[in-house]
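One structure below.
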Amino acid sequence: MTTTPVPGGCPAHTATTPVPLGGPAVHTEPQALYRTMRHSYGPVVPVELPGGFPAWLIVGYRELHQVAGDGELFPRDVGLWNQWERIPEDWPLLPMVGRPMPSIYFTAGAEHRRHSEMVVPALEAADPFEIREHCEQLADRLVDGICARGTADLVAEFAEPLPVLVLARLVGFPDAEGADIARVLKDLADGGPGAQEAYGRFGEHMRLLVTAKRETPGDDVTSRMLADPESFTDEEYALDLMAITAAGHLTTADWISNSLRLMLTEDQFADSLAGGHRSIGDAMNEVLWEESPTQILAGRWAVRDTQLGGRTIRAGDMLLLGLGAANTDPLIRQEMAVGGAVRHAGNGAHLAFSYGEYRCPFPAQEIAETIARTAIEVILDRLPDLELAVPAQDLVRRPSAFLRGMNALPVRFAPVQTTGAQL
Ligand code: HEM
């Protein structure tokens, strides 16, 4: 790391050589890497994305708050990126960074608000009791698929399929199609050669759903979106439905599996395994602070040249929101310390759902919480003697700098009977 002084920056945080954003350190021990970055670079770190593309990673809580809170200067407008001319068609991060397209996730400013004012009320109107019922029913069916066996991988067989099955029901798919949407999203997340084809199938499912709900509306998110007086094209509805499902499935899956991992490995959560519901909430909240499912979010793009955390940001530069890093910024941690220990319980000031006009919509956060909490309650209720089937240190993280989850969560338990429900 070179130490050329940064004009206007803290003299202790002067490194300028971009940090490559990839490799095992960022996958397995991101917090150690964030600490080093903060020490050597300060709150705004020059990084290099795979392929050699520059970006700024914001690791400071205050600076992240400032950027996410200023949608005028730092919109989520990927079209502003000053690297587009250099980006190859097959760049592996392209699906995650995205391209300008008419959906809630890839529009900015007034156009984003137009989508948001149609999508968010449609999510908000979902009945929380019904969502809970869907979650219980679908979670029970998934547990039925594993409970007689005595062993399972809770990522592949429970935490990953459950959120997508619930979201598929909420947007209006019949259950039979929910299972296919789950497969499509798995192929997409795997990012292999099947990803492009999976994306096509994902869009086709949503287009057919829009047509079906236009003909026969129901009590679901899609029908409510279509009933909004503002008019959108069918392609826009389909893209918004894809955004809702894609934004919600892996994030919620990781919230479930990271919380279960914590409960299965840390003594302080032993109570939860014996049915202590308060501890479930504590574990879930601790995960949002310590292991935010969205560790790094791409991102925001600067509208004009500006200064941030002692760095000169150029118009069109990409800013990556280091949500996981900002949550552990010593600045905010000092405020959370009670008697020398950090207290997460009841503290919702984390940035796991981001902040500002593009943050995860509040009704979506509530849906995520209902899915995750119900999932954990059902699994602990049905398999009360659940334990890890491998030593905790052998659990493997997903090889991603952006999403924090596990490849697998192998568990064992005394086999029990199914409830007889079918998927
Ligand atoms: C633990 C679970 C979840 C996490 C950690 C999470 C996190 C996030 C984050 C970080 C963003 C981007 C915010 C930004 O750019 O500032 C986002 C956006 C979004 N999320 Fe979530 N999310 C979760 C669950 C869900 C669920 C279940 C849904 C759907 C029901 C959902 C729907 C959305 C939508 C529609 C957006 C785009 C909002 C906009 O552009 O206005 N999310 N989420």
Side-chain angles (χ1 to χ4, degrees), residues 58 64-65 67-71 74-78 96-98 101-109 111-126 128 131 134-135 159 162-171 185 220-222 224-225 239-259 284-285 287-289 291-301 318-324 326-327 348 350-376 402-405:
I58 307 175
L64 203 152
H65 214 261
V67 167
D70 187 348
F74 301 111
R76 196 178 64 203
D77 186 351
V78 61
M96 204 201 49
V97 170
M101 61 174 104
S103 89
I104 185 168
Y105 212 91
F106 295 111
T107 45
E111 191 52 19
H112 171 259
R113 280 192 291 281
R114 199 171 77 89
H115 281 267
S116 183
E117 284 164 11
M118 179 263 295
V119 168
V120 176
L123 291 173
E124 195 162 23
I131 302 175
H134 291 315
C135 294
L162 182 66
V164 55
L165 292 173
V166 176
L167 291 174
R169 267 200 192 176
L170 292 184
V171 299
L185 287 178
D220 51 63
V221 172
T222 306
R224 288 192 288 273
M225 284 166 55
L239 287 170
D240 277 339
L241 288 166
M242 289 166 83
I244 293 169
T245 325
H249 96 106
L250 215 46
T251 44
T252 310
D254 287 346
W255 195 8
I256 298 170
S257 51
N258 290 350
S259 304
M284 287 170 60
N285 202 39
V287 164
L288 294 182
W289 277 102
E291 298 200 88
S292 312
T294 310
Q295 280 289 302
I296 297 178
L297 183 81
R300 299 293 190 266
W301 285 267
M318 182 200 277
L319 295 131
L320 298 167
L321 306 187
L323 305 175
N327 281 341
H350 60 75
L351 295 169
F353 293 105
S354 185
Y355 177 71
E357 66 182 273
Y358 299 99
R359 62 154 201 281
C360 187
F362 291 124
Q365 297 183 26
E366 279 163 20
I367 293 172
E369 156 132 40
T370 305
I371 300 174
R373 183 182 286 272
T374 314
I376 299 169
F402 297 86
L403 299 172
R404 184 134 177 96

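In each ligand, atom 1 is the first atom listed, and ligand 1 is the first ligand listed. As a basis for the values below, the full set of heavy atoms in this structure was taken, side chains included, without hydrogen atoms, waters or symmetry mates. Heads up: numbering here begins at 1 and tracks the sequence.
Note that the CZ atom of F362 and the CD atom of E124 stand 10.5 Å from one another [nearest 0.5 Å]. Residue L351 holds its CG atom at 6.5 Å from CG of L323, rounded to the nearest 0.5 Å.
When hydrogens are left out, the protein atom nearest atom 33 (C) of ligand 1 is A247 CB, 3.5 Å; that is the closest non-hydrogen contact. Protein heavy atom closest to atom 42 (N) of ligand 1, with residue, atom name and distance, is C360 SG, 3.2 Å. Ranking protein heavy atoms by distance to atom 37 (C) of ligand 1, first place goes to Y105 CD1, 3.6 Å. Ranking protein heavy atoms by distance to atom 41 (O) of ligand 1, first place goes to H112 NE2, 2.7 Å. In this structure, atom 1 (C) of ligand 1 lies nearest to the protein heavy atom W255 CE3, 3.3 Å. At the top of the distance list for atom 13 (C) of ligand 1, counting protein heavy atoms only, stands Y358 O, 3.0 Å. The protein heavy atom nearest to atom 6 (C) of ligand 1 is F353 CD2, 3.6 Å. Nearest protein heavy-atom contact of atom 32 (C) of ligand 1 is A364 CB, 3.6 Å.
Contact detail for R300 and Y355: the closest heavy-atom pair is NH2-O, 3.9 Å. Nearest heavy-atom pair, V287 versus W255, reported as atom, atom and distance to 0.1 Å: CG1-CD1, 3.8 Å. When all heavy atoms of P102 and T107 are compared, the closest pair comes out as CA-CG2, 4.0 Å. Here the closest heavy-atom approach between residue S292 and residue G324 is recorded as OG-CA, 3.8 Å. The heavy-atom pair separating I256 from A372 by the smallest distance is CG1-CA, 3.7 Å.
The closest approach between V119 and ligand 1 stays at or above 4.0 Å for every heavy atom of the residue. Within the structure, ligand 1 has R300 among the residues with a heavy atom less than 4.0 angstrom away. For the ligand labelled ligand 1, residue P361 lies inside the 4.0 Å heavy-atom shell. For the pair V120 and ligand 1, no heavy-atom separation below 4.0 Å is found. At a 4.0 Å cut-off, at least one heavy atom of A352 sits close enough to ligand 1 to count as contact.
Of the possible donor and acceptor atoms, none in the side chain of D77 sits under 3.5 Å from a partner among the backbone N and O of W301. Counting only distance, with no hydrogens or angles, the side chain of N258 and the backbone of R404 share a donor-acceptor pair below 3.5 Å. When atom types are taken as modelled, the side chain of Q365 and the backbone of C360 share a donor-acceptor pair closer than 3.5 angstrom. A donor-acceptor pair under 3.5 Å is formed between the side chain of T222 and the backbone N or O of V171. In terms of modelled atom types and a separation under 3.5 Å, the side chain of R359 and the main chain of G356 share a donor-acceptor contact.
Neither the backbone nor the side chain of I371 has a heavy atom within less than 4.0 Å of ligand 1. With a 4.0 Å cut-off on non-hydrogen atoms, R76 touches ligand 1 through its side chain and not its backbone. Heavy atoms of L167 found under 4.0 angstrom from ligand 1 belong exclusively to the side chain.
Those atoms of ligand 1 with a heavy atom of T252 less than 4.0 angstrom away are 2 (C), 24 (C), 27 (C). Taking every non-hydrogen atom of I104 and a distance limit under 4.0 Å, the qualifying atoms of ligand 1 come out as 39 (C), 40 (O), 41 (O). Within ligand 1, counting atoms from 1 as listed, the ones closer than 4.0 Å to a heavy atom of L323 are 10 (C). Distances below 4.0 Å separate heavy atoms of I244 from the following atoms of ligand 1: 29 (C).
Between T294 and ligand 1, not a single N/O pair is under 3.5 Å apart.
Taking the six-membered ring for Trp and thresholds of 30 and 60 degrees, Y358 and H112 have ring planes inclined between 30 and 60 degrees apart.
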